[in-house]
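Take a look at the structure set out below.
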Amino acid sequence: MKEYDIFVPLRYNDGTPIEPRRFKDHQIRLLEYFNGCTFFPQPNEGLWRIGSVTYRDEIIIYRVVTDKVRPARRFLKQLRKELERIFRQEKIFIIERDVEIW
């Protein structure tokens with residue numbers, strides 16, 4: 001089994017808030033594809049440095065679990081491209097890890 005965390009920003013790069021419907025649309029899409037998802041609505045802070053400049057972003061996290069790894073990777077690769085376009089981001093992070101369900 002694999003678990004995927006999808007890190008989604010709360011604001012566009014210009015600082016304006018992303019419309020709530022965009023998050024709901026994303027949640028519905030994950031639910032339809034994976035038949036379930038977990039949404040962590042509390043904002044998390046992400047920091048990264050490029051050269052001497054430190055950037056800060058607020059994100060939320062969606063989590064899905066599946067045993068259909070190859071189709072999930074294809075779906076998430078396409079989804080990442082769409083989210084980068086919709087949320088106007090250079091990169092949307094998706095983390096994959098092995099999990100065991102019991």
Side-chain angles (χ1 to χ4, degrees):
M1 294 285 269
K2 295 284 188 181
E3 175 181 79
Y4 299 92
D5 283 350
I6 305 157
F7 291 59
V8 179
L10 291 173
R11 297 182 177 277
Y12 294 109
N13 283 337
D14 67 2
T16 59
I18 294 173
E19 302 83 1
R21 72 173 168 78
R22 297 220 185 256
F23 300 110
K24 186 56 95 177
D25 291 346
H26 178 58
Q27 191 170 344
I28 290 167
R29 188 148 178 220
L30 291 172
L31 177 60
E32 287 176 353
Y33 187 85
F34 292 99
N35 294 319
C37 74
T38 301
F39 171 52
F40 299 92
Q42 67 278 7
N44 295 276
E45 185 176 69
L47 300 168
W48 67 98
R49 185 172 292 156
I50 299 176
S52 62
V53 178
T54 300
Y55 296 90
R56 177 189 168 279
D57 205 358
E58 283 188 310
I59 59 153
I60 53 175
I61 300 170
Y62 292 89
R63 179 173 292 158
V64 294
V65 176
T66 186
D67 60 354
K68 297 173 179 69
V69 176
R70 283 192 177 129
R73 285 178 178 162
R74 282 192 299 272
F75 173 82
L76 291 169
K77 183 177 181 179
Q78 181 61 37
L79 180 67
R80 188 185 81 216
K81 289 178 187 176
E82 291 175 26
L83 293 177
E84 288 169 352
R85 181 183 49 78
I86 291 167
F87 294 134
R88 298 181 226 144
Q89 300 292 307
E90 285 190 35
K91 191 63 87 177
I92 295 286
F93 288 144
I94 299 177
I95 306 298
E96 176 187 86
R97 61 177 81 66
D98 292 322
V99 294
E100 196 173 315
I101 307 291
W102 25 300

Out of curiosity, R56 CZ to L47 CG, how far, rounded to the nearest 0.5 Å?
7.5 Å
With E84, the salt bridge (charged side-chain N to carboxylate O under 4.0 Å, His left out) member among R88, K81, R80:
R80
Hydrophobic clustering (ILVMFWY, side-chain heavy atoms < 4.5 Å, transitive) - are I92 and L10 grouped together?
yes
Heavy-atom pair of closest approach, residues I60 and P41:
CG2-O, 3.5 Å
Could you tell me the separation between the OG1 atom of T16 and the CZ atom of R11, rounded to the nearest 0.5 Å?
8.0 Å
For the residue pair E19 and Y12, establish whether any side-chain heavy-atom pair is separated by less than 4.5 Å.
yes
For F23, is there any backbone N or O sitting under 3.5 Å from a side-chain donor or acceptor partner on Y62?
yes
Between the NZ atom in K2 and the CG atom in D67, the distance rounded to the nearest 0.5 Å is 12.0 Å
Heavy atoms, side chains only, cut-off 4.5 Å: are I6 and L83 in contact?
yes
Parallel, tilted or perpendicular: ring planes of H26 versus F87, cut at 30 and 60 degrees:
perpendicular
Within-4.5 Å side-chain heavy-atom neighbours: L79 and L30
yes
Are D57 and Q89 side-chain neighbours, meaning at least one heavy-atom pair lies under 4.5 Å?
yes
According to the interplanar angle, ranging from 0 to 90°, do the rings of F7 and F93 count as parallel (below 30°), tilted (30 to 60°) or perpendicular (above 60°)?
perpendicular
Spacing of CD belonging to E96 relative to CZ belonging to R73, to within rounding of 0.5 Å
4.0 Å
Check whether any side-chain heavy atom of I28 lies under 4.5 Å from a side-chain heavy atom of K24, and answer yes or no.
yes
Check for me, please, whether Y33 and I61 land in the same ILVMFWY cluster - side-chain distances under 4.5 Å, paths through other members count.
no
Looking at side-chain heavy atoms only, is the closest gap between R70 and R74 below 4.5 Å?
yes
Check: Q42 main-chain N/O paired with N44 side-chain donor or acceptor under 3.5 Å
yes
In Å and rounded to the nearest 0.5 Å, what is the CD to NZ distance from E82 to K77?
13.5 Å
Residues, nucleotides or ligands: over 12 heavy atoms within 6.0 Å of R49 CZ
no
Nearest 0.5 Å please: distance from the CD atom of E58 over to the CD atom of E45.
7.0 Å
Closest non-hydrogen atoms of V64 and C37, given as atom of the first, atom of the second and distance, are CG1-CB, 3.7 Å
State, with a plain yes or no, whether a side-chain heavy atom of Y4 is found less than 4.5 Å away from one of T66.
yes
So do the side chains of L76 and F34 get within less than 4.5 Å of each other, counting heavy atoms only?
yes
